[in-house]
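These numbers were taken from a predicted model, which means no experiment stands behind them.
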Amino acid sequence: MDNVEDFMHDDENNKKGTSKSKRRQLGLSCMLNTEVSAVIAVVRRPECIPLYNISVTEDAYDSSLITSLRSLRSLIFNPQQNWRTIDPSIYLIPFLDVVQSDDVPAAATGVALSAVLRILKFEVFDEKSPGAREGMESVVSGITSCRLEKTDPASEDAVMMKILQVLTGIMNHRASTLLSDQSVCTLINTCFQVVQQSASRGDLLQRSARYTMHELIQVVFKRLPEIEAKDREGDSDSDMEDGDEGGGLETGYGVRCAIDIFHFLCSLLNVVSIVEADGSTSHTADEDVQIFALVLINSAIELSGDEIGKHPKLLRMIQDDLFHHLIYYGTWSSSFVLSMICSTVLNAFHFLRRSIRFQLEAFFSYVLFRVASFGSTIALQEVAIEGIINFCRQPTFIVEAYANFDCDPCCRNVFEEIGRLLCKHSFALNGHVTSLHIQAFEGLLIMIHNIADNIDKDGSTGSLGAYSIQLTEYKPFWEEMDKEDDLEGWVEHVRLRRLQKKKLLIAANHFNRDNKKGLEYLKHAKLISDPPDPAAHAHFFRYTPGIDKKTIGEFLGDPDPFYLIVLKEFTDTFHFQGMSLDTALRFYLESFLLPGESQKIQRVLEAFAERFYDHQSSDMFASKDTVLILCYSLIMLNTDQHNPQVKKKMTEEEFIRNNRAINAGHDLPREYLSELFQSISTCAFSLSQTTVSLDMSPSRWIQLINRSKVVQPFTPCDYDRRICRDMFASIAGASVAALSSFFEHADEEELLHECIEGLFSVARICQYGLEDTLDELITSFCKFTTLLNPYASIEETMFSFSHDMKPRMATVAVFTVANYFRDSIQGGWKNIVDCLLKLKRLKLLPQHVIDLEASVDVPTTPESGGVMSPTDDHKVGCQRVSSMMTRFSHLSSEGMDDGLTLGSEFEQNTKMIKLCKIGSIFSNCSNIPRECLQSLGRSLIYAAAGKGQKFSTPVEEEETVEFCWDLIGAISLANVHRFQIFWPSFHDNLLSVAQFPMFSPIPFAEKAIVILLKVCVKLFSAPREDKQVEEFIFKSITLMWKLDKEILDTCHDVISQSISRILIEYPANVQTQIGWKSMLNLLSVAWRHPETYDAGIEALIALFSDGTNISRSNYAYCIDCAFGCFLAKNSPIDKKKKILDLLADSVNLLVQWQRSQYSDPGSNVSAASYTSSSSIEENSRGPSSGNYIMNLFVKLGEAFRKTSLSRQEEIRNHAVCSLQKSFNLAEDLLFISSNCINYFNLVIFAMVDELHEKMLEYSKRENAEKETRSMEGTLKLAMELFSDMYLQSLKQITESPGFRTFWLGILRRMDTCMRADLGEYGLSTLKEIIPDLLRKIITQMKEEGILEPREEDDMWEITYIQIQWICPRLKDELFPL
């Protein structure tokens, strides 16, 4: 069932299709019948009878035309025809006969043309119909042979309109592809004839004709991409071969017609019009025709696309004919024509850039750069600038121009000149911004944005930098590298050639002043090899601009064998194919100045003759000798014709006669010699000038074409970060100057915003090794803030901020750059800091710009890196620009005119400061490069010292200094993880500041101490391996308080608080001697002030109580610090006694170090630390020596000794007891006799002597009995200690060779105490204990056999005598007979 239904459905569809086809064929038949009837009617109608009033019989007007039409009508319906299967000539010929007839009226011709047009539009036949080709050819032949004999102007215009419609119909017909190349060219020619004739007719006809011409060109060249070019060498060497190209199709028109048409279009650029004025006739280019031709050429290139480059002759026509005309007419045409020329070149660049490298260079050099110069009219300059900008708008043009031209030593710096030209036109010299300035500035911004958007488009996270490149070895600078071989290598090669190009210009400068030094520089710069390469010299002479041409000529004519090779290599750089002799010689002599010596001239001309002869394709010259002779003849002719001293000029006949039989005994063609004579007579050689015309001469153009055949083509490329950086570096200075100038003179808000966007783009580029440029840009824009104006008062500056948007925009821009691009700012920090300080003085900043305390409390380790910065990714890409620009949307001019109250001004300024985000600049700088951080620190330190600052009041000075040091603290705290890297430079700046003339340490040093201590706390809050950090920070702290020692008392609270915190919380992180010495010295400041005494004592007690952080390296400083607290007045006695006890117990540490072979944690101190230690360390051999430990013990005893002289009796007595306690604990330290005797001499004896002296001193004062008796009590205690310690160490002491002297010292002090006289206060009670002490000592000495009569020793006798003197009553008891 299904199969039956499908069959019935298909049968029904077939019937519908057949029915539709029949209806179409019937309709075509009716259309043909109607057209035939209309033509017959018009042909038979007399000219005097209206069109629809036909009353004459048909037989009276029967003719061959009517017969043919009647025959066609008879075939239309009988039988019904399938028109696609019928030869179209059958129904076209009758109508075409009418069109070509001389006897029919214009109306009949028009109706016949309408019939043909309807046949074409209704597609009665197609390309598959039999005879379609012949039919189309017959239509072309008929239309192009149309006769208008019996007509009037009005009717003729109508017929011509019909012809244009038919021409369009022919080319739009499906069978038009069957037309031959000749037919298509004939159609185009016919259409152009109508265009020409329409020039004197109505505007409608002219417009229609041009439109039709445009449409026909579009059809032809739109088909070109479908044509396959023949892939063989030299397929376009002849017209015949090009004519054979059928475009890959079996039939129809192809490349040959496209070539002929394009050649025809190029020739239209040369159409001239004759202008008669004041009786004279001149020939000028027909601008209207040129514009028409350029429109058609543009269409041809646009529709053909890059396919046009696959057809060699068509491509060669664009390279040579088209560009030659464009460059020639571009220099002096109108603005409209120049605009069209620019569009044509831009289209060619889009599709054919690889094939027009040197043509593009010539177009920019000879057209755009010249026209855009200030010598042209404003209208032409604007067109030229717009043409340049259109090129810059292309995605890759600027990088391709830079790589292909600026990086080629043999080419002009196209990119750099474009940039500098736009910068130059952006300057408003008279202060008024014109449309030209705005246009040029927008073009400059396009270039800058283009580079900025592409410099980091790859999103790579590589390090920022300048990507420097060096010439490490000789590489021929004229050799190019194919990009396809190695992309990475090609980038480096391009950059290397750019560097070579720069050095070549330097070498040229040296060469012009001293050619020997110039050549030496070439060798030094690796531009020529060692030994020298003649080719390098030749290319240096040939392609280096600005080189002295006279010197070149002398070198080229030098007879030295080396320079003979240089001459040949130099001449080989010329390509003379297609040049006449005079043109080639003229071009050759333009590159240098012909030397004056005849032999040198001969050598130069011989080289030229050989090269020219080798490049000639004709057989005109028999040998190079003929060329040489003719060259001499031309030079002589040039002298004869153009030297004013020659009165009788040579005639053409004489010149021809003088050159007879020079061609191997034969004559050269007379016509050729005549042309040479006329050329030289008309235009002289440049034989006496070092500069030549800069116009595009025919010789230069031929040389350009010849060179383009042998040099690598234009290289398309994409952006590379390294190339982008180098590109902008070449225009950086001019760009910054242009941005600043335009911002200064622009008034419109939109233009100011564009300037700010340009500033950000420049900053984005400067991240890649262009810090100097960014500094320059910041310096320029800082002046627009009005904050750096030294002559403006506070009121004037405030008024500017409140009523002028430009200073506020500049301020926000500067601080935004500082926020986002801080990684690239160096010298610019000075201006930023100056602006910031001015804002501070204007009281426009909030009370606390940064929260320094919050920064201190955040723990920072080397791993954490501190607070993250907005630019932690080390670059700011295009995605961040929009966020930056949003800040400026709030700075609109709205509301500025209606809010002039104080409140509104304050709100505007507050809004502006908030947008600046000043605090984050300093607190979020943990990752900026070291150089930038050092520059920022230097600027802040110098500003804090008053350099470049003027203060009106001391309060203002103090606030400014404090603000600067707050910022220094912020950046230091944010970078504590690399403190050792940046702080040495900060310290050097502090040293420099101290040397400033008129420098005042107040308040600089006072504020510095506060901030440095905060940084110090942060540094010690985490352990650090690098011990230099401590030395750096404490050197700076010491430097500050030494500037004015009163600062220590002024800042005692901060000092005690900070040092106490370190000693209590982070003592283990202090690792160096200088660190301990500095901290303990600073801690001693706390003893001077009651309010800080307790904090200092607690820190010291905590340090000694723990004991783990006391080492041999800091022990001496701990003793000094502890002794300092005993000197404080009105201090708690219990705290002092606690300290004394801890000091006594610390002897255990000394004993421990002695026993453990000195391996305590503090033993590994740096050698540099010892150089700054006290005299104790200087006299020892180091912490790891036993002598050093003993010295520490002696130092401790001296501290007790000094404390024993305290005014407080309780402290004195406790010090004596502590001394005894320490002595008892130090048994292991005193096992050597010398140690014991040394300790007694320095400590015990000294203490007894000083106490005795002090007691006598008090006894001589009035009303000092209490003090005297108190001191006497301490002396008693000391004497008892003295006795006990002596007996305790008796064994060691007696082993010393100096025991006798030591013993006499004991007896002398006993005698002194026995004889103490307290004057008016009565007898001393010392007499009560001295005998007991002597009895005890002597008794033990006798028991141990130390003191007994000996013949060889007189100690017994001496002791006997001394006892008899000291206490006679003991003589008999101790020395019985």
Side-chain angles (χ1 to χ4, degrees), residues 549 552-553 556-557 559 564 567-568 570-689 692-693 697-703 705-706:
K549 296 186 177 181
I552 297 177
L556 295 178
L564 291 178
L567 174 60
K568 184 180 185 308
F570 177 84
T571 310
D572 288 346
T573 61
F574 291 85
H575 305 279
F576 297 129
Q577 297 93 335
M579 289 189 185
S580 61
L581 180 60
D582 63 312
T583 302
L585 184 59
R586 192 187 305 277
F587 183 68
Y588 184 68
L589 295 179
E590 285 179 355
S591 60
F592 63 94
L593 190 61
L594 198 64
E597 187 178 339
S598 60
Q599 293 180 346
K600 292 184 178 182
I601 294 176
Q602 181 178 356
R603 281 187 285 271
V604 171
L605 292 182
E606 284 177 351
F608 167 79
E610 181 177 359
R611 181 69 172 175
F612 182 82
Y613 179 76
D614 292 340
H615 280 182
Q616 294 307 301
S617 58
S618 64
D619 298 330
M620 179 182 297
F621 300 105
S623 67
K624 63 180 181 181
D625 293 335
T626 305
V627 179
L628 177 61
I629 295 173
L630 194 54
C631 287
Y632 268 110
S633 181
L634 290 177
I635 292 176
M636 294 175 63
L637 175 64
N638 181 80
T639 304
D640 177 86
Q641 295 293 313
H642 300 284
N643 191 335
Q645 296 181 357
V646 179
K647 302 303 180 182
K648 185 178 180 182
K649 303 296 183 182
M650 184 185 302
T651 64
E652 181 178 337
E653 288 298 328
E654 290 174 339
F655 174 74
I656 296 174
R657 185 171 60 251
N658 292 339
N659 289 285
R660 288 178 180 174
I662 63 173
N663 194 17
H666 300 283
D667 291 343
L668 290 169
R670 181 182 180 88
E671 295 78 9
Y672 184 75
L673 293 176
S674 177
E675 291 177 1
L676 292 179
F677 179 86
Q678 295 299 329
S679 174
I680 303 302
S681 299
T682 305
C683 183
F685 287 148
S686 299
L687 299 179
S688 59
Q689 298 179 359
V692 295
S693 174
S697 61
S699 59
R700 289 187 179 181
W701 182 255
I702 297 174
Q703 177 72 7
I705 296 300
N706 291 337

>> Once side chain to side chain donor-acceptor pair (under 3.5 Å) is applied, do any residues pair with T571, and if so which ones, sequence neighbours excluded?
In response: Y588
> At their closest point, which heavy atom of L564 faces which heavy atom of P559, and how far apart are they?
Replying inline: CD1-O, 3.7 Å
> Considering residues at least two apart in sequence or located in another chain, which fulfil the side-chain contact (heavy atoms from CB on, under 4.5 Å) criterion with I702?
Replying inline: M579, N706
> What are the two closest heavy atoms between Y613 and F621, and how far apart are they?
Replying inline: CE1-O, 3.5 Å
> When the ring planes of F576 and F612 are compared, do they come out parallel, tilted or perpendicular, using 30° and 60° as the limits?
Replying inline: tilted
> Between L581 and C631, which heavy-atom pair has the shortest distance, and what is it?
Replying inline: CD1-SG, 4.0 Å
>> Looking at M636, I'd like to know if its CE atom is crowded, meaning that more than 12 non-hydrogen atoms belonging to other residues, nucleotides or ligands lie closer than 6.0 Å.
In response: no
>> So, taking the atom named CG in L556 and the one named CG in L593, what distance separates them when rounded to the nearest 0.5 Å?
In response: 11.0 Å
>> I need the full list of salt bridge (Lys or Arg N to Asp or Glu O under 4.0 Å) pairs touching residues 674-686, with sequence neighbours left out, sorted by first then second residue.
In response: none
>> Distance check, rounded to the nearest 0.5 Å: Q641 atom CD versus T651 atom OG1?
In response: 9.0 Å
> Can L676 and L634 be said to form a side chain to side chain contact (heavy atoms under 4.5 Å, CB included), step by step?
Replying inline: CA-CA 8 Å; L676 292 179; L634 290 177; 4.0 Å; yes
Can you give me every donor-acceptor pair (side chain of residues 603-611, partner residue at least two apart or in another chain, under 3.5 Å) with its distance?
residue: R603; atom: NE; partner: G557; partner atom: O; Å: 2.9
residue: R603; atom: NH2; partner: G557; partner atom: O; Å: 2.9
residue: E606; atom: OE2; partner: Q602; partner atom: NE2; Å: 3.1
residue: R611; atom: NE; partner: F574; partner atom: O; Å: 2.9
residue: R611; atom: NH2; partner: D572; partner atom: O; Å: 2.7
residue: R611; atom: NH2; partner: F574; partner atom: O; Å: 2.8

> Do side-chain atoms of K549 reach the backbone of E590 as a donor and acceptor pair under 3.5 angstrom?
Replying inline: yes
>> Rounded to the nearest 0.5 Å, what separates atom CG in L630 from atom CE in M620?
In response: 10.0 Å
>> Once rounded to the nearest 0.5 Å, what's the spacing between atom CZ of F570 and atom CD1 of I552?
In response: 6.0 Å
>> Which residues pass the side chain to side chain donor-acceptor pair (under 3.5 Å) test with S679, not counting sequence neighbours?
In response: D582, R586
>> To check you understand the geometry: which heavy-atom pair defines the closest contact between A664 and T626, and what is its length?
In response: N-OG1, 4.1 Å
> Atom OG of S681 and atom CG of N638: how far apart are they, to the nearest 0.5 Å?
Replying inline: 9.0 Å
> Is there a donor-acceptor contact under 3.5 Å from the side chain of H642 to the main chain of I680?
Replying inline: yes
>> Counting C-beta onward and ignoring hydrogens, is there a side-chain heavy-atom pair between L589 and F592 closer than 4.5 Å?
In response: yes
> What salt bridge (Lys or Arg N to Asp or Glu O under 4.0 Å) pairs are there with at least one residue in residues 647-667, not counting sequence neighbours?
Replying inline: E653-R670
> Going through the distances and angles, do F677 and I656 end up as a side chain to side chain contact (heavy atoms under 4.5 Å, CB included)?
Replying inline: CA-CA 8 Å; F677 179 86; I656 296 174; over 6 Å; no
> Under a 4.5 Å cut-off applied to non-hydrogen side-chain atoms, are N658 and L637 in contact?
Replying inline: no
